[in-house]
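Remember, predicted model here, so these are calculated numbers, not experimental data.
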Amino acid sequence: MNLSSGYIIEFVAKGSVPEAAVVLSISGSNVRIMLTNGKETNIPEKKILYSSNRSLTSVSNKENCKQNLININNARNEIAEKIDLAEIRELLVEDPKFYELSEIAEFLYDSNDCDSIAALLRKLSDDHIYFKNKNNTFQPVSEEALKQAIELQKKKELQAQEESLLVESLKNLLANGQFDESMKPYLQDLKDFVVLGEEANISKKLFNSLIKASINNNRKVFQALVRAGILNEDENFDLIKYRTPISFSEEQKKEADELSKLDIKSLNRSDLTHLKTWAIDSPGSKDRDDAFSFEKKDDGYILWIHIADPSEIIKPDTILDKEASRRGSSVYMPDLRINMFPEIISESLLSLDENGEKLALSFALEFSSDYQLKNTSISKSIIKVEKATSYPSANEMLDSDNWLKSAYLFSESLKQERLKNGAIIIPRQPELEIKVIDGEIIIEHENRDELTAGMIAEFMIWVNHAVAKWFHNNSIPCLYRVQEGDSETTIPPSDTFDPVLFWTSLRLMRKTTVGADFGKHFSLGVIGYTQISSPLRRYSDLLLHRQIKAFLDGQPTMTQEELNKRVMISDIAVDHAEDTMKDRERYFMLKYLKQQQKNSEVIFDGVIVDSGLTEVNFYVDFLCSFRHCRKPSFDVTPGMKVKVKVNQIDLFDNIIRFDLRKN
């Protein structure tokens with residue numbers, strides 16, 4: 001290429017369109033040039049795509065040279081805007097080869113018209129419709145390719161218009177709290193962005209628009225959507241994150257309505273309505289899935305545990321079965337309850353309440369007079385609950401109802417039997433009950449081990465243990481819960497909840513595993529354990545009920561592989577449900593504490609349970625939970641009482657921070 005100082009060149013820059021520069025000097029294959037911003041640089045000659053055939057400016061005065069370059073560059077841009085590539089393509093399409101720039105230019109311009117030729121190069125380099133660009137040669141596209149390119153261009157222009165409209169709508173949302181129609185298709189993506197931030201899988205268009213609208217912060221988006229009335233200030237992020245269904249479809253409700261018409265008297269089941277049967281559960285419980293009967297015999301005792309029987313009407317792979325599998329479990333939150341089955345089934349037809357005769361799987365556990373489990377029999381039954389009540393109400397009846405008191409004393413003897421077998425039984429911390437009623441957050445504390453609550457818990461342990469042995473003895477595939485442990489591990493006895501003792505015992509216990517192997521559950525003190533006591537609330541329990549009934553009916557049971565596969569599907573939803581319940585309780589507790597902070601400092605009593613190099617673990621009485629924070633400036637030891645000051649609360653990120661003070 002013949003170059004000299006003062007020549008104006010077009011060279012390969014960062015973008016696809018060439019840029020103009022002035023040649024200052026040449027040294028071998030390197031060319032020193034000045035850019036339109038006045039900066040100087042060196043480029044290899046091979047980067048030059050076009051050069052004027054003469055000097056167009058003096059380089060002796062750099063400022064004048066720069067201004068001349070700017071003027072020439074602007075002139076070339078103006079010429080490029082007027083070039084009609086569609087006409088040029090029509091001129092050349094009959095011979096659709098790759099043309100050099102000079103070949104196309106000679107049809108249009110004089111060889112000395114450097115600005116027009118350079119403008120043509122810019123236009124062709126920026127073209128994505130009329131010409132193909134290959135090694136800086138240009139081929140007119142075919143009619144079919146042209147049609148496709150024009151359609152693509154129209155699509156891009158439409159997308160650009162839509163993005164521009166979306167950007168303006170997002171700016172309006174941020175400034176005025178108005179949610180425009182143009183944003184409706186992106187509502188789910190916006191919710192996902194609120195919950196997951198940059199990890200959200202949202203459309204590229206929306207992400208780019210959020211950046212252009214200066215609203216690419218998920219907290220900002222949340223606040224804007226709250227102002228617009230799209231989200232609630234107490235929005236449940238987990239329901240969005242996990243796509244948790246909070247209602248049932250019309251098809252699902254229709255199937256539930258049909259099933260609710262079942263005449264249970266037409267079924268061939270054992271009539272156990274003569275048994276004195278009670279159901280005791282948490283206050284406000286509507287989906288009661290367990291009840292009990294108790295009989296003292298001359299040679300021992302019979303404990304009947306009656307469990308609601310959804311497997312009678314919810315058949316495998318039906319609409320409601322698939323939905324229950326997808327949900328995995330019921331979800332109980334302070335402000336919302338999401339059932340695994342429609343209410344007409346879980347809270348009416350199958351709930352073991354006082355409303356007439358009910359379907360159940362009844363487990364008769366026979367004990368000797370010295371509380372040894374001798375036999376377990378299972379029957380498909382019809383029962384009638386004499387009394388369905390709450391733990392507090394049942395506790396008040398203990399002294400006046402001899403039958404209930406006998407059952408309670410029997411449960412205490414069963415607990416002692418487990419202790420002999422190595423169970424680790426120490427009082428647990430009170431249970432935090434958080435409710436939201438008409439917008440008011442109510443905090444209550446309940447003793448999970450107290451009286452009838454402890455009795456029912458003991459009965460459930462024994463029925464789950466007895467059924468696990470029944471599965472094992474009959475070689476039926478099951479989901480056993482096994483916890484390994486060291487038989488030499490001892491925990492000092494305690495009559496009251498001791499935070500340090502409880503923390504220590506938690507650290508000693510190994511994780512419970514669920515699988516096909518029958519084995520000991522160390523902390524419960526039983527050999528063989530499963531869970532079958534909540535089929536209205538847990539899908540895995542329903543699956544085991546199907547195993548039991550198939551065996552009782554002489555039908556094939558699921559293989560272990562089939563059972564594991566079905567459980568695996570629902571286990572994901574169960575994990576999500578557990579996260580949702582935990583996070584929601586935490587949220588409303590934090591909101592309650594934040595409300596308290598408006599009036600004064602929030603300080604609670606606490607007890608140190610463990611101390612590390614930089615952090616300390618402690619128990620907070622009011623929160624009924626173990627927490628941690630940075631180590632305080634004063635020395636701490638396990639068992640030491642402290643004051644726990646609530647420091648920072650962030651409801652959006654669900655974060656709370658504490659400081660410790662001397663008691």
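- A 6.0 Å sphere centred on NE2 of H445 holds more than 12 heavy atoms belonging to other residues, nucleotides or ligands.
- Between the side chain of S329 and the main chain of V574, no donor-acceptor pair closer than 3.5 Å is present.
- Counting only distance, with no hydrogens or angles, the side chain of S169 and the backbone of L165 share a donor-acceptor pair below 3.5 Å.
- Under the 4.0 Å criterion applied to side-chain N and carboxylate O atoms, R288 and D353 are not assigned as salt-bridge partners.
- More than 12 heavy atoms of other residues, nucleotides or ligands shown are found within 6.0 angstrom of NZ on K591.
- Counting only distance, with no hydrogens or angles, the side chain of S611 and the backbone of T637 share no donor-acceptor pair below 3.5 Å.
- The residue from K220, Q178, M183 that alone fulfils the side chain to side chain contact (heavy atoms under 4.5 Å, CB included) condition with L173 is M183.
- Counting heavy atoms of neighbouring residues, nucleotides and ligands inside a 6.0 Å radius, atom CG of N232 exceeds 12 of them.
- In terms of heavy atoms, A256 sits closest to I344 at CB-CG2, 3.7 Å.
- Taking the side chain as every heavy atom from C-beta outward, P334 and E585 approach each other to under 4.5 Å.
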side-chain hydrogen bond (donor to acceptor under 3.5 Å, both in side chains) evaluation trace for Y539 with D321: CA-CA 9 Å; Y539 188 72; D321 178 60; 2.8 Å; yes

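- Ion pair R507/D610 flagged as a salt bridge, since at least one NZ, NE, NH1 or NH2 atom sits closer than 4.0 Å to an Asp/Glu carboxylate oxygen.
- Judged purely by distance below 3.5 Å, without hydrogens or angles, the side chains of S282 and S285 never pair a donor atom with an acceptor atom.
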Evaluate the criterion side-chain contact (heavy atoms from CB on, under 4.5 Å) for residue pair Q648 and I655; output intermediate values, then yes/no. CA-CA 8 Å; Q648 178 188 358; I655 289 173; 5.5 Å; no

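- Minimum interatomic distance between K191 and L231 (heavy atoms only, all atoms of both residues): CE-CD2, 3.9 Å.
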For S330 and M340, what are the C-alpha separation, side-chain angles and deciding distance, and is it a side-chain contact (heavy atoms from CB on, under 4.5 Å)? CA-CA 5 Å; S330 296; M340 191 171 74; 3.7 Å; yes

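- K358 contributes no side-chain N or O that, together with a main-chain N or O of A308, makes up a donor-acceptor pair within less than 3.5 Å.
- Note: I461 CD1 to F459 CZ = 11.5 Å, rounded to the nearest 0.5 Å.
- The closest side-chain heavy-atom distance from V194 to I240 is not below 4.5 Å.
- Using a 4.5 Å heavy-atom threshold, the side chains of Q188 and D192 count as touching.
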Would you sort out whether F237 and D583 count as a side-chain contact (heavy atoms from CB on, under 4.5 Å), showing the intermediate values? CA-CA 9 Å; F237 288 177; D583 290 345; over 6 Å; no

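- For the 3.5 Å distance criterion, the side chains of N208 and E163 fail to qualify, holding no donor opposite an acceptor.
- Checked by atom type and distance alone, the side chain of N464 pairs as donor or acceptor with a backbone atom of I532 at under 3.5 Å.
- When the shell of 6.0 Å around CD1 of I246 is examined, it contains 12 or fewer heavy atoms from other residues, nucleotides or ligands.
- In this structure, F626 and F502 have parallel ring planes: the angle between them is below the 30° cut-off, well short of the 60° mark.
- There is no side-chain donor-acceptor pair under 3.5 Å between N172 and E168.
- Relative ring orientation between F652 and F222 is described as tilted, the plane-to-plane angle lying within the 30° to 60° band.
- Side-chain atoms of Y391 and N447 include no donor-acceptor pair closer than 3.5 Å.
- In this structure, I572 places its CD1 atom where only 12 or fewer heavy-atom neighbours from other residues, nucleotides or ligands lie under 6.0 Å away.
- Judged by distance alone, the side chain of N647 and the main-chain N or O of F658 form no donor-acceptor pair under 3.5 Å.
- By the 4.5 Å heavy-atom criterion applied to side chains, T452 and M397 are not counted as neighbours.
- With a 4.5 Å cut-off on side-chain heavy atoms, S625 and L432 do not count as touching.
- In the displayed structure, E484 atom CD is contacted under 6.0 Å by at most 12 heavy atoms of other residues, nucleotides or ligands.
- Under a 4.0 Å N-O distance rule, the pair E347/R337 qualifies as a salt bridge.
- In this structure, the side chain of E354 engages the main chain of A388 through a donor-acceptor pair within 3.5 Å.
- The two residues L174 and A213 have their closest heavy-atom pair at CD2-O, 4.3 Å.
- The minimum heavy-atom distance linking F604 with V620 is given by the pair CB-CG1, 3.7 Å.
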Does the side-chain hydrogen bond (donor to acceptor under 3.5 Å, both in side chains) test come out yes or no for Y332 and D287, once each step is laid out? CA-CA 11 Å; Y332 304 102; D287 52 346; 2.3 Å; yes

Start with the C-alpha gap between F618 and C629, add the side-chain angles, then the distance that decides, and say whether side-chain contact (heavy atoms from CB on, under 4.5 Å) holds. CA-CA 8 Å; F618 52 92; C629 70; 3.6 Å; yes

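- Within the 3.5 Å criterion, the main-chain N or O of L320 finds a donor-acceptor partner in the side chain of E255.
- The 12-atom threshold is not exceeded at CD of E251, counting heavy atoms of other residues, nucleotides or ligands nearer than 6.0 Å.
- Remark: of the listed residues R418, H465, Q483, R418 is the sole one forming a side chain to side chain contact (heavy atoms under 4.5 Å, CB included) with L524.
- In this structure, the side chain of R586 engages the main chain of N654 through a donor-acceptor pair within 3.5 Å.
- Within a 6.0 Å sphere centred on CZ of R630, other residues, nucleotides and ligands contribute 12 heavy atoms or fewer.
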Are D449 and R428 close enough, and set up right, to give a salt bridge (charged side-chain N to carboxylate O under 4.0 Å, His left out), and what steps lead you there? CA-CA 7 Å; D449 296 318; R428 297 175 293 176; 3.1 Å; yes

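- Remark: R584 is positioned above the aromatic ring of Y587, its terminal NZ or CZ atom under 6.0 angstrom from the ring centre and at most 45 degrees off the axis.
- Using a 4.0 Å cut-off between charged side-chain N and carboxylate O, R327 and E323 make a salt bridge.
- Here the side chain of D541 pairs a donor or acceptor atom with the backbone of S533 at under 3.5 angstrom.
- In this structure the side chain of L542 reaches within 4.5 angstrom of the side chain of F341, judged on heavy atoms.
- Counting all heavy atoms, side chain and backbone alike, L479 lies closest to S540 at CD1-CB, 4.3 Å.
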